Amino acid sequence: MNHFRGTAILIASLAAFAGASAAQAADSITLASQVFVEKTVTGPDGRTQVQLNQPTRVMPGDDLVFVLKYRNAGQAPAKNFSVTNPLPRAVAFRETAGGSALYSVDGGRNWGALPALQVRAEHGRLRLARPDDVTHVRWTFRQPLPAGASGKLTFRGTVR
């Protein structure tokens, strides 16, 4: 694939991610998604720092940070809801912040902890799933989220 064309397609899919809720949540939950390119830069003093920038151009190997902010905009606590995010095909999943996420490697049909999931490899044999097999990430909130409460969920990926 032409790198320029592939970049344009990926930027469009990232923009769609940032503009859509891409989640299943209680009616009172509002969601806002953002995607950043993570770069490590060296300052004039020789120190390195991590910067999160809006993606205008991405290349294979670029690290991305997906941020999903949630808020209970209702008048009552939100109970038993989940937030689900599909990954763009051009992004290989790396990790989530915290350990409460579940993963799907089959387009959202089945869910579990990554070490418990399997995928079909070449020749039809099953193998343990790897992070780059992840197609969806889901967080389930078992504790009620009070009215007005908010938070954020993050995960990382790499442009394929």
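The structure presented is a predicted model; accordingly, all values stated were derived computationally and were not measured.
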For [X] and [Y], which heavy atoms make the closest approach, and how far apart are they?
| X | Y | answer |
| --- | --- | --- |
| Val137 | Ala101 | CG1-CB, 3.9 Å |
| Met59 | Val159 | O-CB, 3.4 Å |
| Ala78 | Ser28 | CB-OG, 3.9 Å |
| Gln54 | Val35 | OE1-O, 4.1 Å |
| Val105 | Ala129 | CG1-CB, 3.8 Å |
| Thr135 | Gly108 | OG1-N, 3.9 Å |

In Å and rounded to the nearest 0.5 Å, what is the [atom1] to [atom2] distance from [X] to [Y]?
| X | Y | atom1 | atom2 | result |
| --- | --- | --- | --- | --- |
| Thr158 | Glu95 | OG1 | CD | 9.5 Å |
| Leu145 | Asn80 | CG | CG | 12.0 Å |
| Glu38 | Leu52 | CD | CG | 6.0 Å |
| Arg47 | Thr42 | CZ | OG1 | 12.5 Å |
| Lys39 | Gln51 | NZ | CD | 10.0 Å |
| Arg109 | Ser104 | CZ | OG | 7.0 Å |

Indicate whether the side chain of Tyr103 and that of Thr96 have a donor and an acceptor atom separated by less than 3.5 Å.
->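 Yes, side-chain donor-acceptor contact under 3.5 Å.
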pair [X]-[Y]: side-chain heavy atoms closer than 4.5 Å:
| X | Y | result |
| --- | --- | --- |
| Lys69 | Gln34 | yes |
| Leu114 | Pro131 | yes |
| Leu64 | Val58 | yes |
| Ile29 | Phe141 | no |

In sequence, state the C-alpha distance, the side-chain angles, and the governing distance for Asn85 and Trp139, and then conclude on side chain to side chain contact (heavy atoms under 4.5 Å, CB included).
-> CA-CA 9 Å; Asn85 274 105; Trp139 295 267; 3.9 Å; yes
So does Arg160 pair up with Asp62, basic N to acidic O under 4.0 Å?
->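 Salt bridge flag = no for Asp62 with Arg160.
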Please determine if Asp63 and Arg94 form a salt bridge, counting it only when a charged side-chain N lies under 4.0 Å from a carboxylate O.
->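 Yes, this pair counts.
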Evaluate the criterion side chain to side chain contact (heavy atoms under 4.5 Å, CB included) for residue pair Val41 and Gln49; output intermediate values, then yes/no.
-> CA-CA 6 Å; Val41 296; Gln49 66 180 29; 3.8 Å; yes
Less than 6.0 Å separating the ring centroids of Phe66 and Phe36?
->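 Ring centroids of Phe66 and Phe36 are no less than 6.0 Å from each other.
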Verify side chain to side chain contact (heavy atoms under 4.5 Å, CB included) between Val83 and Arg138, making sure each step is shown before the conclusion.
-> CA-CA 6 Å; Val83 176; Arg138 175 180 285 167; over 6 Å; no
Same apolar cluster (I L V M F W Y, side chains within < 4.5 Å links), Val119/Leu117 = yes
ILVMFWY clustering at 4.5 Å (side-chain atoms), partners of Trp111 | Leu102
